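Model, not experiment: these values are computed from the prediction.
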Number of protein chains: 2
Amino acid sequence: MTQSAKITSTDRRSDRTKAAILRAARERFAAQGYERTAIRAVASDAGIDPSMVMRYFGNKAQLFDAALAIDLRLPDLTGVPADRLAQALVRHFLERWEGDPADDALLVLMRSAVTNEQAAARMHEIFATQVAPALAAALGPEAAAQRAGLVSAQLLGLGLTRYLLRLPAVTALTPDEIERGLAPAVQAVLDPA
Amino acid sequence: MTQSAKITSTDRRSDRTKAAILRAARERFAAQGYERTAIRAVASDAGIDPSMVMRYFGNKAQLFDAALAIDLRLPDLTGVPADRLAQALVRHFLERWEGDPADDALLVLMRSAVTNEQAAARMHEIFATQVAPALAAALGPEAAAQRAGLVSAQLLGLGLTRYLLRLPAVTALTPDEIERGLAPAVQAVLDPA
DNA sequence: ACTGTAGGCCAACACGTGTTGACTTTCCAG
DNA sequence: CTGGAAAGTCAACACGTGTTGGCCTACAGT
C-alpha cells in the first residue's frame with residue numbers, strides 16, 4: 001500500500017506550516033514577551049490564518065509551551081581545568097548571545113519569565129535539567145548545589161543587562177572586555193574563599 | 001483672604017486619593033508588570049472609580065511614569081575602604097530587597113523594563129543618575145565607567161534570579177551565604193586582574 | 001440659604017484580544 | 001473523473017482593555 005507515501009506527503013505540508021508558525025512565534029515572544037505577543041501577529045508573520053495556530057497548537061499557552069522547547073547546548077565541562085571553568089562558561093554564553101540575541105531561547109525565556117508564571121516554571125525546569133547537571137559534572141554534586149545559583153545569577157545578570165535592558169554601560173563593552181572582567185568574578189564564586 | 005486655607009483643605013482631599021492611587025499602582029506594577037496591570041484593578045485597590053485615575057494622571061503611561069519616581073537610596077561609598085566596597089554594595093541591596101521585595105522600586109522597574117521600552121528608558125536614567133555617580137565617587141570617574149556595568153549586571157542578576165524568577169537554587173541560600181559568596185566576586189570586578 | 005466648584009460615579013465607546021465554527025479550496029487515492 | 005479528507009479562509013462572538021463625557025454630590029465662600 002502507498003499509504004505511507006500519502007501520509008508523509010500530507011504530513012510534510014502541515015509540518016511545514018507548523019514549523020513556520022513556531023518560528024514566527026519564537027521571534028515574537030523573544031521580541032515582545034508573552035503578553036504583548038498576539039496570535040494574529042504570529043499568524044500574519046507565518047503567512048496563514050490565526051485559526052490555523054489554534055488548530056495546530058490548541059491555544060496561546062500551548063503555543064508558548066511549544067516555543068519553549070529549549071536546549072541550552074551547554075558545553076561539556078568535565079574536560080575543562082578547574083581554573084578555567086568560569087572562562088569557559090562566560091565565553092560560551094557570550095558566543096551564544098552575540099550571534100543573534102533575538103532568537104536565543106534562553107533570552108526568550110527570560111523576557112517572559114519575569115511576568116509569566118508558566119515561563120518561570122519552565123525556567124526552573126531548564127535550570128534543574130541542564131544548568132545544574134552540567135555544573136555538577138564539573139564541580140561534584142554538593143559543591144554545585146551550593147554555587148550553581150550564584151553562577152546563574154551572574155550569567156543571567158549579564159544577559160539581562162546587555163541583551164534585554166541594553167544598559168549602555170554594559171553594551172559599550174566588547175565581548176573580550178566582558179570575558180576578562182567577568183570570568184574572574186565567576187571563578188570567585190566557584191572557588192569559595 | 002482665607003484662600004490659602006481653602007486650597008490646602010481641598011488639595012489635601014485630592015492628594016490623599018492621588019497618593020492612594022499611586023500606592024495601588026506601585027503594588028500592581030510590581031506584582032504583574034506594566035502590560036498585565038489594569039487601570040480598573042488599580043482603581044479598585046484604591047477604592048475609587050477608574051476615571052479618577054485618568055483625571056489625576058492623564059493616562060496609563062503617565063501613571064506608570066509617576067509610579068517610577070525612584071530613589072535607590074544608595075549608601076555613600078566614599079568612606080568605605082576599597083577592599084570592602086563590594087561587600088557594602090551586596091549587603092545594601094540584600095537588606096533593601098529582603099525587607100519587602102514586592103514593593104521595592106528597583107524590582108518594580110526590572111519587572112517591567114524587560115518588556116516595556118518606557119520602563120527600560122527609565123532604568124537607563126536611574127543607572128546614569130544614581131548608580132554610576134555612586135560608583136564614580138568611590139572608584140574615580142574612568143575606572144567606574146569601565147566597571148559599573150559589570151557590577152550592575154551582577155547585582156541585577158541577583159535580584160532577577162532571587163526575587164523575580166525565584167530560582168530555587170538562589171532562594172535556598174540565606175542572605176549571609178549570598179553575601180559571602182557574591183561579595184568576593186563583585187570585588188573581583190572592581191579590582192581588575 | 002445659595003451657588004459654584006472640586007471630587008467622584010456611571011455608562012458607554014472603540015478597539016484589540018483569544019477563540020470558535022462554518023464554509024471553501026486543494027489535492028490525492030480509488 | 002470523483003469523493004473525501006486535509007489545509008486553509010472568513011466572519012463572528014465574548015470579553016477585557018484604555019479612555020471619554022455626562023451626571024451627581026458634597027461642601028466652602030458669600
Under 4.0 Å, heavy atom to any atom of DNA chain C: which of residues 108-123 of chain B qualify?
none

Residue list, ring pair (Phe, Tyr, Trp, His ring centres under 6.0 Å) with B:Phe57, at least two apart or on another chain
none

Using a cut-off of strictly less than 4.0 Å between a heavy atom of the residue and any atom of DNA chain D, enumerate the qualifying residues of residues 54-68 of chain B by number.
B:Met54, B:Asn59, B:Lys60

Return yes if some donor-acceptor pair links the side-chain N/O of A:Gln187 with the main-chain N/O of A:Ala86 below 3.5 Å, else return no.
yes

D:dA7 OP1/OP2 closer than 4.0 Å to side-chain N/O of A:Ser14:
yes

Verify the contact: side-chain N or O of A:Ser51 to OP1 or OP2 of C:dT20, cut-off strictly under 4.0 Å; return yes or no.
no

Can you say whether the rings of A:Phe29 and A:Phe64 are parallel (under 30°), tilted (30 to 60°) or perpendicular (over 60°)?
perpendicular

On DNA chain C, compare the nucleotides closest to A:Arg40 and B:Ile48; which residue's is nearer the 5' end?
B:Ile48

Answer yes or no: is there a donor N or O on one side and an acceptor on the other, between the side chain of A:Arg26 and the main chain of A:Ala67, under 3.5 Å?
yes

Whole angstrom value for the distance that separates C1' of D:dT19 from CE of B:Met52
15 Å

Is a salt bridge present between A:Arg180 and A:Glu177, judged by a nitrogen-to-oxygen distance below 4.0 Å?
no

Got a sec, which residues hit ring pair (Phe, Tyr, Trp, His ring centres under 6.0 Å) with B:Tyr56, two or more places apart in sequence or on another chain?
none

Name of the residue among A:Leu94, A:Leu173, A:Leu158, A:Leu89 meeting side chain to side chain contact (heavy atoms under 4.5 Å, CB included) with A:Leu182
A:Leu158

At a heavy-atom distance below 4.0 Å, what parts of residues 19-37 of chain B sit against DNA chain C?
none

Would you kindly give the CZ-to-C1' distance between A:Arg16 and D:dG8, to the nearest whole Å?
14 Å

Donor-acceptor pair, side chain of B:Glu98 and main chain of B:Pro175, under 3.5 angstrom:
no

Under 3.5 Å, sequence neighbours excluded: what are the donor-acceptor pairs made by side chains of residues 147-154 of chain A?
from     : atom 1 : to       : atom 2 : distance (Å)
A:Arg147 : NH1    : A:Leu190 : O      : 2.8
A:Ser152 : OG     : A:Ala148 : O      : 2.8

Could you tell me the separation between the NZ atom of A:Lys18 and the C1' atom of D:dG8, rounded to a whole number of Å?
16 Å

Between B:Asp45 and B:Arg23, does any side-chain N to carboxylate O distance fall below 4.0 Å?
no

Is there a donor-acceptor pair under 3.5 Å between the side chain of A:Arg96 and the backbone N or O of A:Leu72?
yes

